[in-house]
Trainee: 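The structure that follows is given in the form of structure tokens.
Every value quoted in this text rests on a predicted model; they were computed, and no experiment measured them.
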Amino acid sequence: MSTDKRATNVSHEDWISEGLSIIVIGASGDLAKKKTFPSLLSLYLGDLLPTNLTIYGYARSKISSSELRQKLRPYLLSSTSEENEAVVDEFLNKCHYQSGSSYGDSESWQGLNDQLNSWENFVSSSEGIEKSNRLFYFAIPPNVFAETGDAIKTNCMAQRGFSRMIVEKPFGRDLESCKDILGRLGRHFDETNLFRIDHYLGKEMVQNLMVMRFGNLWMESIWNRNNVQCIMLTFKEPFGTEGRGGYFDQYGIIRDIIQNHLLQVMCLLTMECPNKLDGPEAGEKIRDEKVRVLQSMQPVTLSDVFLGQYEGYTDDETITNKDSNCPTFAAVRVFINNPRWAGVPIIFKAGKALNERKAEMRIQFKDAPAAEHLFGTKVPRNEMVMKLQPTETIYMKSNIKTPGFSWEPIQSELEVKYDTRYFKHSKESNPDAYSRLILDVLRGNSASFVRSDELIRAWEIFDDVLHQIDDENIRPRAYRSGSRGPEAADDWINEKSGYVRNDDYVWHDGNICYVKNF
């Protein structure tokens, strides 16, 4: 992981010259080891954290600070290059540990607060720095959010700076549980110090949407129902639950991916332009526009849902219900009922144990007027594709003349591949989503985080159909691991969206393969 110092300058911002304590709650868990601490290291390597920095892990495991460092070290080393080994050790020396009997253990939080106060007083006396801020990262399950928040508010808030909380999804499993979580956290924290993280909002291609949509003259004129046939947002994984089935079986693919990650991306893709995209006011203005999109959508009905489950799903030993109807694949159709998008089908597709790893936004445009008459053959539709993973790429599928003597139109692409365009001859790389989002919290930028009214409206759109699937035991269609999904899924999606696939064009890892021989 790396950050580009040339593109990110925080030296003029007050917080970078103040003290900072970062408290990672759930420090001994997989999320903290694999994502949170490596992302903090990435910021540290990029000089994007204050010089006066201390980091504490908090969890129930009875380990020492030294043992925490030993557990973290291999994950940190694997996240960066060998030449940074000395900096990894320097970073680890700033990491400490506090255990507690529970996440709401007041005595342990008081003990941690005493240690933080002692460090902040030392920074004040030795460096003359009066302000010290605290960042709390909740890398814990939602069922302990409330007790953790209570304990922090009572025992461990910063006295001479800001206290900000980063909260990980899931934010409940339905509307009622979401409101319960929001209410419990909302007793102590408001939108100025509570940052609900959806890591998809930190991905390069998603953050790029603001510039792509509102920084290019040609984009606005085609971005509407007059030109767009359909929008498809896709998430595919080539592996199944792999020992996490006990957790996944309580949620399913719609709750896990579609209702949050893909829906959030859709909002940015389709929202109206706010009157500010940068600066302290931009975050709320962007989130206002996202909420307006959600308010323009009707609740999803079962007729607009297609479900699948890969064969062997319940073989996972952690799944206790061997007759589970939990979907591991889903396609969902929605509409946005506003003047820009009325009548344009939007398809969410997500699945596990499929044929590839991919997340993308795909916009298919309508047929070029009279093209079939002019050329005497079917002319493929234009498409814009923005790949979020595994390789960040933007390409526009356009038609050109077949090379040689033929006049028949064939599809090619105008393409920007980030790795080769920007990082081919550099050691730099795009920062990971978690690093971006943590930095945004420190800077007080709220645009890439989910507001409470967004969460509630998102659940209102999906809540009824999810309960219907559970209550009526709606059965998903079986599909083979490593396939594209259930056999009927593509036909269902094409019928619901009006999408027309050009079977003569195959994109494979940056190369085009044509089925036809021209």
Side-chain angles (χ1 to χ4, degrees), residues 26 28-36 38 75 138-144 168-174 177-178 197-200 203 233-265 305-332 348-360 388-390 432-434 459 462 465-489:
S28 58
D30 279 352
L31 175 62
K33 291 184 293 189
K34 295 178 180 178
K35 296 293 185 181
T36 312
Y75 293 97
F138 286 47
I140 50 177
N143 64 308
V144 292
E168 278 275 357
K169 83 170 188 76
F171 307 111
R173 70 179 305 277
D174 58 12
S177 57
C178 174
I197 197 169
D198 183 326
H199 72 275
Y200 265 59
K203 289 183 176 290
L233 297 109
T234 301
F235 170 91
K236 299 170 76 173
E237 283 182 336
F239 49 84
T241 54
E242 297 188 342
R244 292 182 65 249
Y247 164 82
F248 185 84
D249 201 56
Q250 302 301 310
Y251 290 88
I253 199 72
I254 296 178
R255 291 182 176 93
D256 196 41
I257 300 295
I258 293 176
Q259 185 271 342
N260 41 74
H261 296 326
L262 296 188
L263 188 66
Q264 285 292 318
V265 173
V305 176
F306 185 105
L307 303 176
Q309 184 186 97
Y310 65 86
E311 296 170 353
Y313 164 71
T314 57
D315 293 344
D316 187 321
E317 293 179 357
T318 62
I319 298 174
T320 56
N321 178 13
K322 299 305 179 182
D323 191 39
S324 172
N325 72 328
C326 176
T328 61
F329 174 97
V332 178
F348 301 115
K349 183 173 75 170
K352 288 182 164 296
L354 298 177
N355 59 333
E356 60 182 328
R357 176 175 179 255
K358 180 171 77 172
E360 70 175 25
L388 283 64
Q389 62 186 32
D432 69 288
Y434 284 92
W459 276 116
F462 282 91
V465 75
L466 287 169
H467 279 298
Q468 184 179 0
I469 292 168
D470 292 342
D471 296 343
E472 298 180 15
N473 195 25
I474 305 299
R475 306 305 299 181
R477 305 190 192 198
Y479 64 94
R480 290 182 297 101
S481 294
S483 68
R484 285 177 53 85
E487 289 185 1

Trainee: Is a side-chain N or O of Thr318 found less than 3.5 angstrom from the main chain of Gly245, in a donor-acceptor match?
Mentor: yes
Trainee: Please report the shortest heavy-atom distance between Tyr434 and Glu168, naming the atom on each side.
Mentor: CE2-OE2, 2.9 Å
Trainee: State, with a plain yes or no, whether a side-chain heavy atom of Asn260 is found less than 4.5 Å away from one of Phe171.
Mentor: no
Trainee: Could you measure the distance from the NZ atom of Lys203 to the CG atom of Asp432? Nearest 0.5 Å is fine.
Mentor: 9.0 Å
Trainee: Going by heavy atoms in the side chains, are Phe248 and Ser324 under 4.5 Å from each other?
Mentor: no
Trainee: Is there side-chain contact between Gln389 and Tyr200, with at least one heavy-atom pair below 4.5 Å?
Mentor: yes
Trainee: So do the side chains of Phe348 and Phe235 get within less than 4.5 Å of each other, counting heavy atoms only?
Mentor: no
Trainee: Output yes when a side-chain donor or acceptor of Thr328 lies under 3.5 Å from a complementary backbone atom of Tyr310, and no otherwise.
Mentor: yes
Trainee: Going from CD1 on Ile319 to CD on Gln250, what distance comes out if it is rounded to the nearest 0.5 angstrom?
Mentor: 10.0 Å
Trainee: From Gln264 CD over to Gln259 CD, what is the distance, rounded to the nearest 0.5 angstrom?
Mentor: 8.5 Å
Trainee: Tell me the closest heavy-atom pair linking Ile253 and Ala330, and the distance in Å.
Mentor: CG2-CB, 3.5 Å
Trainee: What pair of heavy atoms forms the shortest contact from Leu262 to Ala350, and how long is it?
Mentor: CD1-CB, 4.4 Å
Trainee: Distance check, rounded to the nearest 0.5 Å: Lys236 atom NZ versus Ile257 atom CD1?
Mentor: 14.0 Å
Trainee: Could you pull out the closest heavy-atom pair between Leu466 and Trp459, with the gap in Å?
Mentor: CD1-CZ3, 3.8 Å
Trainee: Are Arg475 and Asp323 within salt-bridge range, i.e. N to O under 4.0 Å?
Mentor: yes
Trainee: Does His261 reach the side chain of Asp198, with side-chain heavy atoms less than 4.5 Å apart?
Mentor: yes
Trainee: What distance separates Leu263 CG from Ile254 CD1, expressed to the nearest 0.5 Å?
Mentor: 12.0 Å
Trainee: Would you compute the distance between atom CD of Glu360 and atom CG of Leu233 and round it to the nearest 0.5 angstrom?
Mentor: 9.0 Å
Trainee: Checking the side chain of Ser177 only, and the main-chain atoms of Arg173 only, is there a donor and an acceptor separated by less than 3.5 Å?
Mentor: yes
Trainee: Does the distance from a Lys or Arg side-chain N to an Asp or Glu carboxylate O, for Asp470 and Arg255, drop under 4.0 Å?
Mentor: yes
Trainee: To check you understand the geometry: which heavy-atom pair defines the closest contact between Tyr251 and Gly172, and what is its length?
Mentor: CE2-O, 3.8 Å
Trainee: For the pair Lys349 and Arg484, evaluate side chain to side chain contact (heavy atoms under 4.5 Å, CB included) and give the outcome as yes or no after the intermediate values.
Mentor: CA-CA 11 Å; Lys349 183 173 75 170; Arg484 285 177 53 85; 4.1 Å; yes
Trainee: Would you indicate whether the side-chain heavy atoms of Gln309 and Asn325 approach each other to under 4.5 Å?
Mentor: no
Trainee: Which residues pass the side chain to side chain contact (heavy atoms under 4.5 Å, CB included) test with Glu317, not counting sequence neighbours?
Mentor: none
Trainee: Any donor-acceptor pair under 3.5 Å linking the side chain of Lys169 with the backbone of Asp256?
Mentor: yes
Trainee: With a sphere of 6.0 Å drawn around CD of Glu487, does it hold more than 12 non-hydrogen atoms of other residues, nucleotides or ligands?
Mentor: no
Trainee: For Arg477 and Pro486, which heavy atoms make the closest approach, and how far apart are they?
Mentor: O-CG, 4.0 Å
Trainee: Run through Asp249, Asp316, Thr314 and flag the one making a side chain to side chain donor-acceptor pair (under 3.5 Å) with Thr241.
Mentor: Asp316
